[in-house]
Amino acid sequence: MLITREDDSAKNLKKGKEDNNYLVWNKKIPNTELEKFKKIIEEKYGLRFESYRDLHEWSVTNFSNYWEEAWNYLGLIASKPHDEVFVKTGPGFLDNEWFTGMAFNYAENILRIRDNREALIYLDEDGNIEKVTFAEMFQEVKLYAAAFRKHGLQKGDRVACYMSNRKEAIFAFLATTSIGAIWGGPQPFYGERAATNIVSKLEAKFLIEWTDSDNGEEYQMFAINYLHFIYYIIILCERFLTDCPSLERIIIVPTVSETLARDISHIPNSCFLVSFLESGKSSNGEVPDIVFEQLPFNHPISVSFTSGTTGLPKGPVHAAGSLLGTLTHFALHWDLKSGDTVHSFYPMGWGVWNYFVACMSLGVKLLLHSGFPYGMKDGYNVWDVISEYKVSFIFLVTSLVDKLEKIKAAPRPSNTNFEHLKAIALGGCAVKVQNYKYIQSIVKDDVLISCLYGATENYYPSLEKIITCLFMLLKLRCPR
């Protein structure tokens, strides 16, 4: 039988339809957090939801009730309850106020667990591992906050961070928000002009930065030795002071021993992290109790600058109340609970860095992977990390998945247990059917792989502009 060009076209079209209808998920998980939440709503409001679609319909129709119930379900802490959940302040789409009259603190809710369960695991490309418990994290944040206050940080001031995916950034961020100051900064692989532009635009009062280019070979600023990199950082400090007149203090985090041997006395208002933290202690060596400033729901906590691909970087300001939308993602969508582990290799400066910090409010462990996942010491890659550290949830940028497949990245035979893995989210650019197929060839077939779209502006609702969808509940109608 002769195969005509039309026959070829028909076959290709059929194959394309089959590919585009590739089944990714077909499983019912019992006893999820969402199921528990649904039953609470049904009992309280005398309703019966036959499906998720019914619950979704109720949540967007009765969004004030939904967000109030979500706050209560998550057990978040507020020193003063809200007067009204939602107030329309004008005719515009963004003319809204949420949880008016409420007083609470973002950092206090992240730090509400203070026992000896693991809160953080730090892992770098060389195989170095550090673990921090919730109790230890609270004490660290307490010390950072005391030092910041001692040096004059106040509500509304800005703190810039120029650092990779390290625990020190977490501690400094939570200390900053405990005071009511605002956090932000450039991504660590930005060069000096881009970095100083962002710090200057932020009008930062403090800058905390590190001295080790550990963001992976793909994004290292220089393929040179540590001494040269340290010299570069010191030169950069001087550039920051020149171009950012608001800076009053530069705090240097030494991550290699060579740093401490350097003389930084010629850099005005600079100090190493250890001496900065020591300054926060009282004369008898004790650390003052941490004070969580009680602030409105729409009080700013961070500025996540865009990458600048469509012009100069823009700095959306994110509110403390964004914590609520983020936690509904972790609890209700990803079904994460205390004891689960979230993996993140996104450094400070990416919107997703802030996003993952929030998971610790639920008792979820945060694995900070400093570096890029293609190859680590002894041939490890991200699949080995997911298996070995029993990761429950991970977000993967689509282009990263493409490269993992291209280099045929796979876990070692000893690291093929993915029974703890609940979900993988993909996004950053268009997700292809082949991405799903590659991932399912590595992990178990019934892992939920979800496609997410968005950018920095979408990860949190903006200051005083917390729009109705608050992450999850967006109802779109297309004209017919």
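Heavy atoms only: backbone and side chains are in, while hydrogens, waters and symmetry mates are out.
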Salt bridge (Lys or Arg N to Asp or Glu O under 4.0 Å) pairs, two or more places apart, involving residues 70-80
none
Nearest 0.5 angstrom please: E168 CD to L368 CG, how far?
10.0 Å
Of all residues at least two apart in sequence or in a different chain, which pass the salt bridge (Lys or Arg N to Asp or Glu O under 4.0 Å) check with E130?
K167
Less than 4.5 Å apart, side chain to side chain, heavy atoms only: is that true for K201 and V303?
no
Checking K390 now: which residues fulfil side-chain hydrogen bond (donor to acceptor under 3.5 Å, both in side chains) with it, not counting sequence neighbours?
none
Name all residues meeting the ring pair (Phe, Tyr, Trp, His ring centres under 6.0 Å) criterion together with Y346; count only those two or more places apart in sequence or in a different chain, and write none if there are none.
W350, F395
Residue pair A181 / Q154: nearest heavy atoms and the distance that separates them
CB-O, 3.7 Å
Shortest non-hydrogen pair, A175 vs F148, comes out as CB-CD1, 4.0 Å
Can you give me the closest heavy-atom contact between L74 and A331, atom names plus distance?
CD2-CB, 3.8 Å
Quick check: does any side chain N or O of D384 sit under 3.5 Å from a backbone N or O of R412, one acting as donor and the other as acceptor?
yes
Heavy atoms of A410 and N381 approach each other most closely as O-ND2, 3.0 Å
Tightest non-hydrogen contact, residues L202 and R158, listed as O-NE, 3.1 Å
Any side-chain heavy-atom pair of Y144 and L273 under 4.5 Å
yes
Note, L34 side chain near D335 side chain (heavy atom, < 4.5 Å):
no
Nearest 0.5 angstrom please: S344 OG to I394 CD1, how far?
8.5 Å
Just jot down the side-chain hydrogen bond (donor to acceptor under 3.5 Å, both in side chains) partners of Q434, sequence neighbours excluded, or say none.
E405
Mind checking whether M360 and M137 have side chains closer than 4.5 Å, heavy atoms only?
yes
With R249 via salt bridge (Lys or Arg N to Asp or Glu O under 4.0 Å) - residues at least two apart
none
Is H343 reaching over with its side chain to a backbone N or O of H369, donor-acceptor style, under 3.5 angstrom?
no
Might you work through the side-chain contact (heavy atoms from CB on, under 4.5 Å) test for I110 and L323, ending with a clear yes or no?
CA-CA 9 Å; I110 303 297; L323 176 65; 3.8 Å; yes
Roughly how far apart are I250 CD1 and F272 CZ, rounded to 0.5 Å?
12.0 Å
If the condition is side chain to side chain contact (heavy atoms under 4.5 Å, CB included), which residues does E108 pass it with, not counting sequence neighbours?
I77, N105, F292, Q294
Any donor-acceptor pair under 3.5 Å from S304 side chain to G351 backbone:
no
Going from NZ on K437 to CG on N435, what distance comes out if it is rounded to the nearest 0.5 angstrom?
11.0 Å
Passes side-chain contact (heavy atoms from CB on, under 4.5 Å), I442 versus F418? Steps please.
CA-CA 9 Å; I442 301 293; F418 296 100; 4.2 Å; yes
Pairwise salt bridge (Lys or Arg N to Asp or Glu O under 4.0 Å) hits with a residue in residues 272-290, at least two apart
K142-D289, E278-K281
Output all residues satisfying salt bridge (Lys or Arg N to Asp or Glu O under 4.0 Å) with E248, sequence neighbours left out; order by chain, then residue number.
none
Checking the side chain of R117 only, and the main-chain atoms of G339 only, is there a donor and an acceptor separated by less than 3.5 Å?
no
For K150 and S279, indicate whether the former's side chain and the latter's backbone hold a donor-acceptor pair under 3.5 Å.
yes
For the pair L76 and F104, evaluate side-chain contact (heavy atoms from CB on, under 4.5 Å) and give the outcome as yes or no after the intermediate values.
CA-CA 9 Å; L76 296 176; F104 85 118; over 6 Å; no
Any heavy-atom pair between the side chains of C451 and Y436 that's under 4.5 Å?
yes
Tell me, do Y106 and L174 make a side-chain contact under 4.5 Å, heavy atoms counted?
yes
Flag the pair Y190 / I198 as yes when at least one side-chain heavy-atom distance between them is below 4.5 Å, and no otherwise.
yes
Below 4.5 Å, heavy atoms only, C-beta onward: do H329 and Y355 meet side chain to side chain?
yes
Report the residues that fulfil side-chain hydrogen bond (donor to acceptor under 3.5 Å, both in side chains) with D340, sequence neighbours left out, ordered by chain and then residue number.
S392, K422
Using the six-membered ring wherever Trp is involved, compare the ring planes of W71 and F99 and label them parallel, tilted or perpendicular (cut-offs 30° and 60°).
tilted
State yes or no: are the ring centers of F356 and F345 separated by less than 6.0 Å?
no
Measuring from atom NE2 of H318 to atom CH2 of W183, what distance do you get when rounded to the nearest 0.5 angstrom?
14.5 Å
In chain order, what residues pass the side-chain hydrogen bond (donor to acceptor under 3.5 Å, both in side chains) check against S178, with sequence neighbours excluded?
none
I want to know whether Y66 and Y73 have ring centres closer than 6.0 Å.
no
Under a 3.5 Å distance rule, please check whether T133 uses its side chain to pair with a backbone N or O of E118 as donor and acceptor.
no
For L367, which of V385, V342, L120, I386 qualifies under side-chain contact (heavy atoms from CB on, under 4.5 Å)?
V385
So which atom in F173 and which in S302 form the shortest heavy-atom distance, rounded to 0.1 Å?
CE1-CB, 4.5 Å
Output, in order, the C-alpha distance, side-chain angles, deciding distance and verdict of side-chain contact (heavy atoms from CB on, under 4.5 Å) for W353 and N165.
CA-CA 8 Å; W353 182 87; N165 197 23; 3.5 Å; yes
Please check: side-chain N/O of S246 versus main-chain N/O of K205, any donor-acceptor pairing under 3.5 Å?
no
N/O donor-acceptor pair under 3.5 Å between S79 side chain and A103 backbone:
yes
Taking the six-membered ring for Trp and the full ring for Phe, Tyr or His, determine whether the centres of W98 and F297 are under 6.0 Å apart.
no
Salt bridge (Lys or Arg N to Asp or Glu O under 4.0 Å) with K432: which residues, sequence neighbours excluded?
D402
Answer yes or no on whether R166 is positioned over the face of Y122, meaning its NZ or CZ is under 6.0 Å from the six-membered ring centre and within 45° of the axis.
yes
Aromatic contact, F276 with H151 (centres under 6.0 Å)
yes
Indicate yes or no for a side-chain donor-acceptor contact from S200 to the backbone of T196 under 3.5 Å, with no hydrogens or angles considered.
no
Measure the SG-CG distance between C429 and L426 for me, rounded to the nearest 0.5 Å.
9.5 Å
